[in-house]
A.B. asks: 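First, the structure itself, so that you have it in front of you.
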Amino acid sequence: MGKILCIVLCGLLLGGCAAGPVATPETAAPATAQTETQATPESATPEQAVTEALGAVKTRRLTVALNGCIAFEADSAGGSLKTAVAAAGMVEYLAGDFVPQDLAGETTAWQAALSKEDSATMDANWPGVYRCAQDICTDLSSQQELLDTAGVTTDFAAMDLTEVPARLDAMNTALTG
């Protein structure tokens, strides 16, 4: 967690370094009642900034994991291998520390933003990804050959997958209604 906090704070620091030049008294716009009363983004506490940045990271990681489920067509050549790769990525993601508190809500928001074509692809791919991800959690040996063939090198046996099935179910409910 310390590394993550450091990365987030460095990003915020670098973002501040990229800001435009500071106005000098000669170049500053004259103050008005409106400009004096406007709140500045800097008024947020460092804790709030870190929390917001961490929330954005969690949402981005969820988006990446879900986008893996629409990056292929399950009924195309190599579909089962691509499904296994997407399921493995989903399990890795859901076993990690960057899962949003409102996983179902964030998943629903992601789905609502899809184009019709991507939504249809997700509808076709999700059942296979969901089933394979469940099997990785509950019966890894039955999936190991498929994962090996797909090039997945993650050591799921060494991971704590305890929370993953419930998280998968929450996502499934969000995606399938």
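FYI, side chains are in, hydrogens and waters are out, and symmetry mates aren't considered; it's all heavy atoms of this structure.
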A.B. asks: Kindly say whether Phe98 contributes a backbone atom to a donor-acceptor pair with the side chain of Arg61 at under 3.5 angstrom?
C.D. replies: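 Side chain of Arg61 to backbone of Phe98: no pair is present.
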A.B. asks: Heavy atoms, side chains only, cut-off 4.5 Å: are Tyr93 and Leu66 in contact?
C.D. replies: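 A side-chain contact is absent here, since even the closest heavy-atom pair is not under 4.5 Å.
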A.B. asks: For a side-chain contact (heavy atoms from CB on, under 4.5 Å) with Leu147, tell me which candidate from Leu81, Leu140, Thr154, Asp135 qualifies.
C.D. replies: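 The passing option is Leu140.
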A.B. asks: With a 4.5 Å limit on heavy-atom distance, are the side chains of Lys58 and Val99 in contact?
C.D. replies: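 Not touching, per the 4.5 Å side-chain cut-off.
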A.B. asks: Just how far is it from atom CG of Asn67 to atom CH2 of Trp110, taken to the nearest 0.5 Å?
C.D. replies: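 Here the rounded value is 6.0 Å.
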A.B. asks: Just how far is it from atom CE of Met90 to atom CG of Leu168, taken to the nearest 0.5 Å?
C.D. replies: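 Those atoms lie 7.5 Å apart.
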A.B. asks: Determine, step by step, whether Val164 and Met159 satisfy the side chain to side chain contact (heavy atoms under 4.5 Å, CB included) criterion, reporting the C-alpha distance in whole Å, the side-chain angles of both residues, the deciding distance to 0.1 Å, and the verdict.
C.D. replies: CA-CA 11 Å; Val164 175; Met159 295 174 70; over 6 Å; no
A.B. asks: So, taking the atom named OG1 in Thr108 and the one named CG in Leu175, what distance separates them when rounded to the nearest 0.5 Å?
C.D. replies: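 One finds 7.0 Å between OG1 of Thr108 and CG of Leu175.
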A.B. asks: Are the side chains of Val152 and Asp148 in touch, meaning some heavy atoms are under 4.5 Å apart?
C.D. replies: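 Result no, sub-4.5 Å side-chain heavy-atom pair not found.
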A.B. asks: Any non-hydrogen side-chain atom of Val129 less than 4.5 Å from a side-chain atom of Phe72?
C.D. replies: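 When only atoms from C-beta onward are counted, Phe72 and Val129 do touch, with a gap below 4.5 Å.
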A.B. asks: Kindly determine whether Thr173 and Thr107 satisfy side chain to side chain contact (heavy atoms under 4.5 Å, CB included), including the steps that lead there.
C.D. replies: CA-CA 10 Å; Thr173 300; Thr107 301; over 6 Å; no
A.B. asks: Could you tell me which non-hydrogen atom of Cys69 sits nearest to which non-hydrogen atom of Asn125, and how far apart they are?
C.D. replies: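 Looking at all heavy atoms of both residues, the closest pair is O-ND2, 2.9 Å.
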A.B. asks: Please give me the minimum heavy-atom distance between Lys82 and Ser76, naming the atom from each residue.
C.D. replies: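 Taking Lys82 first and Ser76 second, the nearest heavy atoms are NZ-OG, 4.0 Å.
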A.B. asks: Has Gln144 got more than 12 heavy atoms of other residues, nucleotides or ligands less than 6.0 Å from its CD?
C.D. replies: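 It does: Gln144 CD has more than 12 such atoms within range.
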A.B. asks: Does some side-chain heavy atom of Val50 sit less than 4.5 Å from a side-chain heavy atom of Glu47?
C.D. replies: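 The answer is no; the side chains never approach within 4.5 Å.
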